[in-house]
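Worksheet: the structure to be examined is printed underneath.
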Amino acid sequence: GLREARAEAIKRLEAFIALYSGENAHPSATPDGMFTYTYGSNNNLAQVTKPDTKTRIYHYEDTTFVNALTGITNEDSVRYATWGYDAQGRADWTSAIPADPALVIFTSGTTAAPRAVVHSRRSLGAGLEDFAAATAIAAGETVLTDQLMVGVPALIAGAHWVLPQPGLDPGAAPERYLARAGDADVLFAVPAALARILDALAAMPPAERPSPRAVLVGGAPVLRPLLRRAADVLPGTRVLAIYGMTEILPVAIADGADKLAFAGDGDLVGTLVPSAAARIDAGELVLSGDGLALGLLATADAGDRPERRTDPPGSSSTRPDLLPSERPAGLDIDPLAQLRTGDLARIEGGRLVLEGRAKDMLIRGATNVYPGLIEPLVAGIRGVAECLLVGVPDAIGDDRLVLAVVPAAAPPAALDPGHALAREVEAALPGLIDAACLPDLVLAAPALPRSGRGAKPDRAALATAVAPLLAGADAEGTG
């Protein structure tokens, strides 16, 4: 019975200890010759060879702690575990999580056709761990969100994940959404939806407003007017702005108060999380790290395929390469080497500052105009709720600049160049931006056009809408 089995197990363990203790502590092979062992220069077990000649390799790459195990490569030549050590020789992190596919997520399709991004358990685990640490979701809290990358860390932390009713869009029906938010300690919203939620909250008596501990905002740029509005309506609530993308989430997280206090050029998106390694290449933000997805589901268009994963110059990522032979059976994956984000950025003391989108750059004569540098300044003008700077190409391909501002109060029913706020902004701009970047036309808009799952501002749609007004202004100027 169980007693006999236990006694037999103890007997075998004692025999093993006796056989491999003392002078036999580092055998070169098992007695029956089934396994052979190879040791390195520091007397570390380096390799185990099985009867089928396949080997498992043990890595010791820390030059300070030469006997510390830093990784394992399995019999299929896949490194599936990596460890690092702090100054005291203690393991301070591990990525001993398989890099096999775990989840396919589609991009929002805001700037291009949606793409299928394949995450591994390793990349998801790294991102979820960083997200949980930065947001400090605690056991027992209630988290209201329909976002996987917010809800799962909540569950891991011991919090309660509450899903909104299917189809309940907080931006379209903020009152119904707030009915579910009354007991929430943490809630997530994209900026456009949060703006509607704040409007609904402002209409409520302060004593009846929900008072969550934290509001998480992401999926689109989080600018000053929205943060100021949140501080006014929810004075005791911490706002955290999350910067990331489907391929790697999160990348950086900023406290709303820090964003409001930031006095430099561009948009402060926060401190880089440990699972995201960043470098700047010709002004463009390039990402890698343990949080980066395995790759994209392959498409017929080879020109759309990403770079194969390698260690990019300047990367601090310790994640091993995914070789073509390691592609999982049944899935045709184009591995990601690194992610060229298209965002123009700089890194200041570990904090990431965005300066615009590379492809959003406008050209006026000999001047390159970056909306990402101008829009935060315009958004800081009192009375401006949102703004967007777009270009309308002229006959020779030069961009005519049009700035649309959404008034925080009394927005127009249609695009209106004569609106009082448009005139105020136009008068203020010469003291804020370079003369070469001054717009040809400033107009007020009832709202910004949006697209994609994250409801991001749609620059192309706005450019199309303002083109006739720009033409009309030109006609009046020459008439």
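Quick note: residue numbers are just sequence positions, from 1.
In this structure the side chain of L403 never reaches within 4.5 angstrom of the side chain of L441, judged on heavy atoms. Counting heavy atoms from C-beta on, the side chains of L339 and I248 come closer than 4.5 Å. Contact annotation: the side chain of V251 approaches that of L352 to within less than 4.5 Å [non-hydrogen atoms, C-beta and beyond]. For the pair L144/P164, a side-chain contact is recorded, criterion being any heavy-atom separation below 4.5 Å from C-beta on. Side-chain contact check for I197 versus Y177: some heavy-atom pair is nearer than 4.5 Å. The closest side-chain heavy-atom distance from V378 to I433 is not below 4.5 Å. Under the 4.5 Å side-chain criterion, counting only non-hydrogen atoms from C-beta, C437 is in contact with I374. Looking only at side-chain heavy atoms (C-beta outward), P101 and I333 come within less than 4.5 Å of each other.
Residues satisfying the side-chain contact (heavy atoms from CB on, under 4.5 Å) criterion with L249, sequence neighbours excluded, are M149, I242. Applying the side-chain contact (heavy atoms from CB on, under 4.5 Å) criterion to R176, with sequence neighbours excluded, gives Q165, L168, A173.
Heavy-atom minimum distance, L124 versus H119: CG-CB, 3.7 Å. Nearest heavy-atom pair, V390 versus L362, reported as atom, atom and distance to 0.1 Å: C-CD1, 3.7 Å. Nearest heavy atoms, P210 versus M204: CD-CE, 4.1 Å. The two residues I137 and A159 make their nearest non-hydrogen contact at CG2-CB, 3.7 Å. Considering all non-hydrogen atoms of both residues, P376 and G372 come closest at CD-O, 3.1 Å. The two residues V118 and L296 make their nearest non-hydrogen contact at CG2-C, 4.4 Å.
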After noting the C-alpha distance and the side-chain angles of R340 and D281, does the key distance pass the side chain to side chain contact (heavy atoms under 4.5 Å, CB included) rule?
CA-CA 9 Å; R340 305 195 71 91; D281 181 11; 2.9 Å; yes
Candidate pair F262 and R351, rule side chain to side chain contact (heavy atoms under 4.5 Å, CB included), full reasoning:
CA-CA 11 Å; F262 181 68; R351 300 199 305 176; 4.0 Å; yes
Apply side chain to side chain contact (heavy atoms under 4.5 Å, CB included) to V215 and L240, showing your working.
CA-CA 6 Å; V215 172; L240 290 173; over 6 Å; no
Applying side chain to side chain contact (heavy atoms under 4.5 Å, CB included) to V402 and L443, what does each step give before you reach the verdict?
CA-CA 8 Å; V402 179; L443 49 80; 4.1 Å; yes
So E424 and R382, salt bridge (Lys or Arg N to Asp or Glu O under 4.0 Å) or not? Walk me through it.
CA-CA 10 Å; E424 292 174 14; R382 185 166 298 278; over 6 Å; no
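Looking only at distances, no side-chain donor or acceptor of D399 sits under 3.5 Å from a matching main-chain atom of L401. Distance alone, capped at 3.5 Å, is enough to place a donor-acceptor pair between the R224 side chain and the L260 backbone. Within the 3.5 Å criterion, the main-chain N or O of L448 finds no donor-acceptor partner in the side chain of E386. Checked by atom type and distance alone, the side chain of H160 never pairs as donor or acceptor with a backbone atom of A139 at under 3.5 Å. Side-chain N or O atoms of T237 include one that pairs as donor or acceptor with a backbone N or O of P212 at under 3.5 Å. Of the possible donor and acceptor atoms, none in the side chain of W161 sits under 3.5 Å from a partner among the backbone N and O of T142. With hydrogens and angles ignored, the 3.5 Å screen pairs a side-chain donor or acceptor of T135 with a backbone N or O of F131. The backbone N or O of L389 lies less than 3.5 Å from a partner atom in the side chain of R459, making a donor-acceptor pair. Between the side chain of D62 and the backbone N or O of F65 there is at least one donor-acceptor pair closer than 3.5 Å. With hydrogens and angles ignored, the 3.5 Å screen pairs a side-chain donor or acceptor of T70 with a backbone N or O of H59.
Atom CG in L285 sits 6.5 Å away from atom CE in M245 (nearest 0.5 Å). Note: T341 OG1 to L287 CG = 5.5 Å, rounded to the nearest 0.5 Å. Taken from CG in L198 to CG in L234, the straight-line distance is 6.0 Å, to the nearest 0.5 Å. Between the CG atom in L187 and the CD atom in Q147 there is a gap of 12.5 Å [rounded to 0.5 Å]. Atom CG of L462 and atom CZ of R450 lie 11.0 Å apart (nearest 0.5 Å). Atoms CG and CD1, from L429 and I381 in turn, are 5.5 Å apart once rounded to the nearest 0.5 Å.
A salt bridge does not link R122 with D290: every distance from a Lys NZ or Arg NE/NH1/NH2 to an Asp or Glu carboxylate oxygen is 4.0 Å or more. Ion pairing of D440 with R400 is present here, as a side-chain N (NZ or NE/NH1/NH2) and a carboxylate O approach within less than 4.0 Å. Using a cut-off of 4.0 Å between Lys/Arg side-chain N and Asp/Glu carboxylate O, K259 and D267 are scored as salt-bridged.
With hydrogens and angles left out, the side-chain atoms of Y370 and D265 include no donor and acceptor closer than 3.5 Å.
Annotation: D199, atom CG; neighbour count of heavy atoms from other residues, nucleotides and ligands within 6.0 Å is above 12.
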